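Since the structure comes first, as structure tokens, the remarks are kept for the end.
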Amino acid sequence: MSSFGRNINMHFFFIVLTTIMAANLSTSTSSAPTKDQPNSFFRTWNVHVVNGLSNNKILLVHCKSKDDDLGEHHLSVGSETQWHFKLNLIKSTLFFCYMASESDHVHVSLDVFWDDQKLFYKCNRENCIWIAKDDGIYLKNIPDNIDEFMHGWETGSVLLANSTIV
């Protein structure tokens with residue numbers, strides 16, 4: 001490729017990068033992101049799923065996104081699985097999890113991360129902490145220091161690895 005072609009490609013790349021950065025910064029009225037309007041595109045997000053069940057019950061957790069399968073985890077009481085990521089370019093990042101208490105024959109499937117300002121607030125713009133308790137799934141509202149009930153357990157068969165049903 002000629003030097004002229006490389007310069008055109010670099011110029012095009014610079015224009016695209018500048019446009020993306022300007023679009024992200026335009027969501028805030030000030031020059032720096034605020035607590036209410038963060039520049040979430042460059043932020044590293046963390047999602048935690050915690051076993052808060054009683055009586056030493058094991059929590060099965062299997063989380064995925066459109067692009068990533070995070071695998072199956074069997075969590076003892078008090079332990080967690082976690083991962084981190086950045087929002088994709090079009091801010092359509094979505095993670096969802098299947099959770100089950102094998103001994104109680106209860107389970108639930110739910111979204112644990114999506115692009116939403118209310119969720120961002122509860123996660124304190126950094127850490128979404130989901131807690132499985134005996135009556136259902138809670139999200140830690142970090143700024144308000146409360147666990148918010150988000151979804152009850154569903155009864156019935158529990159799907160385990162390799163499509164085994166218990």
Side-chain angles (χ1 to χ4, degrees), residues 20-156 158-160:
I20 291 170
M21 292 175 66
N24 281 304
L25 293 175
S26 69
T27 61
S28 177
T29 56
S30 67
S31 60
T34 65
K35 191 73 167 166
D36 294 328
Q37 294 180 319
N39 189 349
S40 57
F41 180 71
F42 296 107
R43 183 177 308 279
T44 297
W45 289 91
N46 303 285
V47 175
H48 307 255
V49 178
V50 179
N51 181 351
L53 299 170
S54 64
N55 300 320
N56 294 320
K57 296 176 189 167
I58 300 297
L59 177 68
L60 166 73
V61 179
H62 192 173
C63 299
K64 297 181 180 184
S65 73
K66 178 183 170 194
D67 301 318
D68 299 303
D69 183 336
L70 303 174
E72 189 173 289
H73 303 273
H74 298 264
L75 305 177
S76 58
V77 173
S79 65
E80 70 174 44
T81 185
Q82 64 176 309
W83 65 96
H84 59 274
F85 55 92
K86 294 186 188 241
L87 294 181
N88 63 24
L89 285 174
I90 57 174
K91 294 187 176 184
S92 64
T93 303
L94 172 68
F95 282 93
F96 49 93
C97 294
Y98 174 80
M99 298 180 215
S101 172
E102 298 170 18
S103 58
D104 292 336
H105 298 285
V106 294
H107 59 98
V108 67
S109 292
L110 72 156
D111 295 344
V112 295
F113 186 88
W114 59 98
D115 190 340
D116 179 77
Q117 289 301 314
K118 289 180 184 176
L119 178 70
F120 293 175
Y121 171 80
K122 293 174 184 181
C123 296
N124 203 31
R125 314 264 180 228
E126 185 177 11
N127 288 295
C128 295
I129 303 171
W130 294 88
I131 307 162
K133 297 184 181 185
D134 291 332
D135 61 338
I137 308 300
Y138 290 75
L139 174 63
K140 171 68 93 181
N141 182 326
I142 296 170
D144 297 342
N145 197 29
I146 58 171
D147 295 344
E148 290 186 13
F149 181 83
M150 299 300 284
H151 202 291
W153 291 107
E154 298 174 18
T155 58
V158 175
L159 183 62
L160 299 177

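Keep in mind it's a predicted model, so treat the numbers as computed, not measured.
- Rounding to the nearest 0.5 Å gives a distance of 9.5 Å between CG of Asp116 and SG of Cys123.
- Evaluation of the side chain to side chain donor-acceptor pair (under 3.5 Å) rule for Asn46 yields Asn127 as partners, not counting sequence neighbours.
- Taken to the nearest 0.5 Å, the CG atom of Leu110 stands 8.5 Å off from the SG atom of Cys63.
- Within a 6.0 Å sphere centred on CG of Asn56, heavy atoms belonging to other residues, nucleotides or ligands number 12 at most.
- Judged as a side chain to side chain donor-acceptor pair (under 3.5 Å), and not counting sequence neighbours, Asp67 has no contacts.
- Rounded to the nearest 0.5 Å, atoms CE (Met99) and CG (Leu59) are 7.0 Å apart.
- With sequence neighbours excluded, no residue forms a salt bridge (charged side-chain N to carboxylate O under 4.0 Å, His left out) with Glu154.
- Residues forming a salt bridge (charged side-chain N to carboxylate O under 4.0 Å, His left out) with Asp134 (at least two apart in sequence, or on another chain): Lys57.
- Side-chain contact between Gln82 and Ile129 is absent, with no heavy atoms from C-beta onward closer than 4.5 Å.
- A distance of 8.0 Å separates CG of Asp111 from CZ of Phe96, quoted to the nearest 0.5 Å.
- Between Val49 and Leu75, the shortest heavy-atom distance links the atoms O-CD1, 3.6 Å.
- Atoms NE2 and NZ, on His62 and Lys64 in that order, are 4.5 Å from each other to the nearest 0.5 Å.
- For Phe95, the ring-ring contact (aromatic ring centres under 6.0 Å, His included) partners two or more places apart in sequence, or in a different chain, are Trp83, Phe85.
- Contact check for His48 versus Lys140: no side-chain heavy atoms found under the 4.5 Å cut-off.
- Between Cys97 and Val112, the shortest heavy-atom contact is SG-CG2, 3.7 Å.
- Of the possible polar contacts, one joining the Thr93 side chain to the Asn88 backbone as a donor-acceptor pair under 3.5 Å is found.
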Using the side-chain contact (heavy atoms from CB on, under 4.5 Å) rule, take Leu60 and Glu72 through it: C-alpha gap first, then chi angles, then the decisive distance, then the call. CA-CA 7 Å; Leu60 166 73; Glu72 189 173 289; 3.1 Å; yes

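- The distance from atom CG of Asn141 to atom CD of Glu148, rounded to the nearest 0.5 Å, is 4.5 Å.
- Among His107, His151, His73, the one residue that satisfies the ring pair (Phe, Tyr, Trp, His ring centres under 6.0 Å) test with Tyr98 is His107.
- Residues Ser76 and Ile58 share a closest heavy-atom pair of CA-CD1, 3.9 Å.
- Remark: Lys133 pairs with Ile131, Asp135, Tyr138, Asp147 by the side chain to side chain contact (heavy atoms under 4.5 Å, CB included) rule, at least two apart or across chains.
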Verdict with supporting geometry, Leu94 and Ser65, side-chain contact (heavy atoms from CB on, under 4.5 Å): CA-CA 6 Å; Leu94 172 68; Ser65 73; over 6 Å; no

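- A centroid separation of less than 6.0 Å is found between the aromatic rings of Trp45 and Phe120.
- Closest heavy-atom contact between Phe149 and Gly136: CE1-CA, 4.0 Å.
- Of the possible polar contacts, one joining the Asn51 side chain to the Leu53 backbone as a donor-acceptor pair under 3.5 Å is found.
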